[in-house]
2 protein chains.
Amino acid sequence: MPATIVDIKKKTGLSLATISKYLNGGNVLPENKVKIEAAIKELHYEVNEIARGLVTNKTRTVGILVFSIESPFTGMILHHVGAALRKSGYGMLIVDSCDDEAIEAKNVKYLISKKVDGIIVLPVASKGDFLAPAKNAGIPIVLIDRSLSDIQYDCVRIDNRKSTYHAMKELISRNHKKIAIIASEREYTGRERYNGFMEAMRDAGLDVPVEYQVRATHSIATGYNGMKKLMTLKDRPTGVFMSNYEITLGAMLAMNEAGFKCPDDVSLLGFDDQLFFHLLQPQIYMVEQPMKAMGERAVELLLGRISGVVVEDPVEIALGTRLQKGNSIRTL
Amino acid sequence: MPATIVDIKKKTGLSLATISKYLNGGNVLPENKVKIEAAIKELHYEVNEIARGLVTNKTRTVGILVFSIESPFTGMILHHVGAALRKSGYGMLIVDSCDDEAIEAKNVKYLISKKVDGIIVLPVASKGDFLAPAKNAGIPIVLIDRSLSDIQYDCVRIDNRKSTYHAMKELISRNHKKIAIIASEREYTGRERYNGFMEAMRDAGLDVPVEYQVRATHSIATGYNGMKKLMTLKDRPTGVFMSNYEITLGAMLAMNEAGFKCPDDVSLLGFDDQLFFHLLQPQIYMVEQPMKAMGERAVELLLGRISGVVVEDPVEIALGTRLQKGNSIRTL
DNA sequence: TATACTGCGCGAAACGTTTCGTTCATTGTA
DNA sequence: TACAATGAACGAAACGTTTCGCGCAGTATA
């Protein structure tokens, strides 16, 4: 039903080759250009991307493989990745791994069958085996946020360990000695932040008793339950580091509910700034991730690989973070 | 590089037509079936969906047009819609309208150019004009959550007005007279819930002074600022209805921060249950939307339209809600 | 035994592009 | 004036499928 290049040919008397050349930005005589443009307008012609894809072997679509599409973090990354891709004319075919490695592995194969030009991954698994089929098919891959242990892939993330180490100075320099951590345990980021925390404490000569270390899932429940537990200890910590957005949110609700005040009763340091935290009083010290930059750099890198401009070995890009200062930390 | 149907032909000596028939579930002699299957395994053959799409004029991909990909509500819907689609072999090409009607209109055209088989929309706009190009192109469309005023499209949603009206009985029957509302104003759902609220109050013979009506955006900030404001009134409301998840979250933080207790100082009734609310003490009365059912019904309907099984006029499916009971409402 | 039907297989065309190698006209150079 | 170089257009093949209509067995019907 919709007009094809053949209709343009009939209308203008030009050959398919010439029209195709015009469509792809090649040089065409001014008079022919006019003819073609008129015909396109008249017939409401639009390129059939499917047909084009068949011969160019490109779909102008990238696959996005996310550990969970329900996570607010995922939502923010998708927002920026999506914008950057659209600007370059690419679309996003998104698949949800539902925090399940088996589904994740299946999804990779699905994306291959869809002939995506590249894949951006927020992985569930810690090892890269599941990406092998895509790698073998020659599809460029870029990871965001979470690095993989065994195989080398491009990755755009922050330096979780250093960011945490650095942020911890805010608590330590204000003479806090009893500092607890609530962190996720399963993913790369949670583990790295835990390591940064422990390093900072060790370097400051501070001990972290095991009951000050709450390590569980990446969830509001973890923050809520963790803080509840910490607040009932006979020897309560004076400061708490929370390793991500969900945990921070849950911990704050628990703290409020338990009747403690920040920073009077407990000083807080969180991770993953979100707009709404700015509304709160007191304002929480927060490690702020450059979400926009991460999304954009990842897209830039991926498109570079797709076009063949970037050919060097896989790179690991660690972007800097910003510490959003607040008044949630009391000087002891 | 990857094997094609022609390679299978060479290997088996059968014709393209026969092999294609096998691939699409047609009847083939048992001996040929064996041959083909062996060849497929040996050559690691997989159908090229692009080539198939060119001739069938189907992409097995549906476009998902969301008002904002950052919203948790969107995330949950995408989760269920995605699962249902994948089960039927369909993929999701997601585009983000960034709460901007102009972008939304462009995105529709983009999805058309990508030849999606259908479109699922969580709209920004209140009128349906922007969908006209897709409708004209014969692409089936199903709305989720938000209905459109002018043109008729299939829509799967809840009955916002009734749900709110019914839930309000919890406050009213417990003798609350001074009840405030914090609601979003711009979208369909917020307006309908406002209407349901006002109806319930009117039917109960209760007045709602203008300072008890906070109407702003669909955001945590609205809830936070709204509750802050309500709590500083000299004549404070005894009950507050909050029209969605973000507003409920913001309002609770503000209430905690202002030092008020629920239900002692203020009784709360919210909308959009999320798992983590179950953790809270007190547990909030919440209108719970059937997210999974909404996603699944929408997909079912869309695939029905795509396959031509469903041909009747556009339908508006209003699913029932559940009131999640809690202990956030005090009897006066 | 002649006829009609059924079940499978086949060749060829079609889907709407891009691209390769060639031709043709024009311009510039000797 | 002859010849090379340049620029633009062209025809045809290719991309990997599906599908249409026909042919050919083998089986059932009269």
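Summary of the strand contacts: B:Asn27 and A:Ile19 both lie near DNA chain C, and taking for each the nucleotide with the nearest heavy atom, the more 5' one is attributed to B:Asn27. Remark on DNA chain C: of its neighbouring residues A:Thr18 and B:Leu29, the 5'-side contact belongs to B:Leu29, judged by nearest-heavy-atom nucleotide.
Look at CZ on A:Arg60: it is 12 Å from P on C:dT18, rounded to the nearest Å. Distance, B:Lys35 NZ to C:dC8 C1': 13 Å, rounded to whole Å. Rounded to whole Å, the distance from OH on B:Tyr22 to P on D:dT18 is 13 Å. Distance A:Lys21 NZ to C:dT19 C1': 11 Å, rounded to the nearest Å. Rounding to whole angstrom units, CG of residue A:Asn32 and P of D:dA9 are separated by 5 Å. Taking atom NZ on B:Lys9 and atom C1' on C:dA12, their separation rounds to 10 Å, with Å as the unit.
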Taking protein heavy atoms under 4.0 Å as touching, what does nucleotides 12-17 of chain D look like 5' to 3' if B marks base contact, S marks sugar-phosphate-only contact and - marks none? ---BBB

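For B:Lys135 and B:Tyr153, the positive end sits near the middle of the six-membered ring, less than 6.0 Å away and at most 45° from its axis.
Looking only at side-chain heavy atoms (C-beta outward), A:Asp96 and B:Leu78 stay at 4.5 Å or farther from each other. Using a 4.5 Å heavy-atom threshold, the side chains of A:Lys35 and A:Ile19 count as separate. B:Cys155 is not listed as a side-chain neighbour of B:Val142, based on a closest heavy-atom distance of 4.5 Å or more.
Between A:Glu49 and A:Arg60, none of the side-chain N atoms (NZ, or NE/NH1/NH2) sits under 4.0 Å from a carboxylate O, so this pair counts as no salt bridge. Ion pair A:Glu296/A:Lys292 flagged as a salt bridge, since at least one NZ, NE, NH1 or NH2 atom sits closer than 4.0 Å to an Asp/Glu carboxylate oxygen.
Judged by distance alone, with hydrogens and angles left aside, the side-chain atoms of B:Ser97 form no donor-acceptor pair with the main-chain N or O of B:Ile103 at under 3.5 Å.
Among the heavy atoms of the strands, none lies under 4.0 Å from A:Ile50.
For the salt bridge (charged side-chain N to carboxylate O under 4.0 Å, His left out) condition, the pairs that include at least one residue of residues 99-125 of chain A, sequence neighbours left out, are A:Asp99-A:Arg186.
A side-chain donor-acceptor contact under 3.5 Å links A:Thr18 and A:Ser15.
Taking five base pairs at each end of the helix from C:dT1-D:dA30 to C:dA30-D:dT1, the local helix axes there meet at an angle of 40°, rounded to 10°.
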